[in-house]
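In what follows, a structure is listed as C-alpha cells, so that the remarks can point back to it.
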Amino acid sequence: MVSGTQRKYFMLGGKGGVGKTSCAASLAVKFANNGHPTLVVSTDLAHSLSDSFDQDLTGGALVPVQGVDSPLYALEINPEKTREEFRATSQLHGGSGVKDLMGSLGLGMLADQLGELKLGELLDTPPPGLDEAIAISKACIMIDRFSVMQFLESKDYNTFSRIVFDTAPTGHTLRLLSLPDFLDASIGKMMKLKKKIASATSALKSMFNKEEPQRDDASDKLEKLRERMANVRDLFRDSETTEFIIVTIPTVMAVNESSRLCASLKKETIPVRRLIVNQVLPPSTSECKFCVMRRKDQMRALDMITKDPKLASLKIIQAPLVDVEIRGVAGLKFMGDMVWK
Ligand SMILES: Nc1ncnc2c1ncn2[C@@H]1O[C@H](COP(=O)(O)OP(=O)(O)OP(=O)(O)O)[C@@H](O)[C@H]1O
C-alpha cells in the first residue's frame with residue numbers, strides 16, 4: 001500500500017461504530033510516516049477525525065495533523081456549507097431566475113403565487129423552472145454526502161500521493177455509489193429543460209423586442225457539477241488508483257452488512273480487495289466466562305466470513321481489540337502497525 005509515488009485513494013467504509021475512523025486515521029498516519037504527503041478526509045456527517053487524532057481538525061478546511069513524519073492533512077467536509085452553496089445555485093436557477101423572468105414579462109404576481117404553493121399541488125402543472133429547482137434541491141440534500149468531489153479537482157491538492165477517505169456508514173455509502181449516475185441523468189434533464197426555457201423565453205422576448213437572455217452563471221455551475229460527477233464516478237472504479245476497504249467487527253450483524261456492502265461494491269465494479277475485521281478478542285488465558293463466551297461468538301462470525309461467497313474472496317485482516325481506547329497519533333501508529341502490515 002505504501003509503494004509507489006503515484007497518487008492513490010483508499011476509501012474505508014462499513015457499519016457505524018466498527019472502527020472505520022480509527023482504521024482510516026491509522027492508515028493515514030502509516031502513509032505519512034512512510035514518506036507520503038497524505039490527506040485524510042471525512043465524508044461522514046458525524047465527523048470523528050478530530051476525536052480520533054485528538055486534535056482540532058474541524059472547520060471544513062485542510063488542517064495539518066501534528067506529530068507525523070511527512071505532511072498529513074485532515075479535512076472534515078462541512079455539509080452545511082456545501083448545502084448553502086448549492087441552495088444558492090438552486091435559487092439562482094429555479095427560484096429568483098424564474099421569478100425575475102416572469103416579472104420582466106409582467107407575470108410577477110403569478111410568480112409570487114407559485115412560490116407559495118406546495119409541491120403536491122404543483123405536480124400536475126409545474127411551472128417552467130420549478131421542476132429544476134425541486135430536482136436541484138433534492139440533489140443538494142444528497143450531494144452534501146458527496147461534496148468530496150469539489151476538492152478532488154483542485155490544483156492545491158496535487159502534491160498528495162495518498163488520500164484516505166473515512167466514509168459515512170454503509171447505507172450512505174450505497175446511496176453515494178449510485179449518486180453520480182442519478183445526478184448525471186438529473187442534471188442532463190435539467191440542462192435540457194433549461195435550454196427549452198431559454199429558447200422559449202428568447203422567442204417571447206424577441207416578440208416584445210427585449211434583449212436575448214445571457215447564458216447564466218447557474219447553468220455553468222450545473223454543467224461543471226455534471227463533469228465532476230463523471231470524474232468521481234470514474235475515479236471510484238479505477239482499480240489502478242483506488243481501493244475500497246471494508247471495515248467490520250466479528251458479529252453476525254456486522255458480517256451480514258459487510259457482505260451486502262461487498263456485493264453492492266462489486267456490482268458497481270468498485271475495486272474492493274481487503275476486509276478488516278476489527279476488535280477481535282485475543283484467546284483468553286483466564287477463567288473469565290464472559291471473555292470465553294464472547295470469543296466463541298466472535299469465532300462463529302469469523303467462520304461466517306470464510307464461508308461467505310463474497311467476503312471470502314477478500315484479503316482478511318484481523319485487528320485485535322486492545323485494552324485502551326485508540327486515540328491520538330501514538331495510538332493510531334500503534335494500531336496501524338497491527339493492521340497495515
Ligand atoms: N481495535 C480496537 N481496540 C480498541 N478500541 C478500538 C478499536 N478500534 C476502534 N476502537 C475504539 O472504538 C470507538 C469507535 O471507533 P471509530 O470512531 O473508529 O468507529 P467508526 O466506525 O468510525 O464509528 P462511526 O461510524 O460512529 O464514525 C473509538 O473509541 C475507538 O477508539
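Counting starts at 1 for both ligands and their atoms, in listed order.
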For Gly17, is the nearest heavy atom under 4.0 Å from an atom of ligand 1?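 Heavy atoms of Gly17 do come under 4.0 Å of ligand 1.
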Is Glu325 near ligand 1, meaning one of its heavy atoms is under 4.0 Å from it?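 Yes, Glu325 has a heavy atom closer than 4.0 Å to ligand 1.
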Do Thr251 and Lys15 meet the criterion of a side-chain donor-acceptor pair at a distance under 3.5 Å?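 No donor-acceptor contact under 3.5 Å links the two side chains.
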Test item: side-chain donor near acceptor, Ser48 and Thr21, under 3.5 Å: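 Result is yes, a qualifying pair exists.
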Candidate with minimal heavy-atom separation from atom 3 (N) of ligand 1, of Leu12, Asp323, Val322, Leu49: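 That would be Val322.
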Which is closest to atom 10 (N) of ligand 1 in terms of heavy atoms, Gln279, Met335, Met338?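 Residue with the shortest heavy-atom distance to the ligand atom: Gln279.
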I'd like to know whether CE of Met338 has more than 12 heavy-atom contacts from other residues, nucleotides or ligands below 6.0 angstrom.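 More than 12 within 6.0 Å, yes.
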Crowding at NZ, Lys296 (>12 non-hydrogen neighbours, <6.0 Å):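 No, because the 6.0 Å sphere around NZ of Lys296 holds 12 heavy atoms or fewer from other groups.
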State whether the shortest distance between N or O atoms of [X] and N or O atoms of ligand 1 falls below 3.5 angstrom.
X	result
Gly19	yes
Ile326	yes
Asp166	no

Quick one: which ligand 1 atoms are inside 4.0 Å of a heavy atom on [X]?
X	value
Ser22	9 (C), 15 (O), 16 (P), 18 (O), 30 (C)
Asn278	1 (N), 2 (C), 7 (C), 8 (N), 9 (C)
Pro320	1 (N), 2 (C), 3 (N)
Val324	4 (C)
Gly16	25 (O)

Quick one: do Arg300 and Asp303 make a salt bridge, cutoff under 4.0 Å?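 Answer for the salt bridge query: no.
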Residues Glu243, Arg274: salt bridge by 4.0 Å N-O rule: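 Looking at Glu243 and Arg274, the cut-off is met.
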Go through it in stages, so that I can follow the logic: the residues are Arg273 and Ser239, the test is side chain to side chain contact (heavy atoms under 4.5 Å, CB included), and I'd like the CA-CA distance, side-chain angles, deciding distance and then a yes or no. CA-CA 10 Å; Arg273 293 180 210 116; Ser239 61; 3.8 Å; yes
Name the one of Ser313, Ser258, Ser259 that satisfies side-chain hydrogen bond (donor to acceptor under 3.5 Å, both in side chains) with Asp308?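 One option only clears the test, and that one is Ser259.
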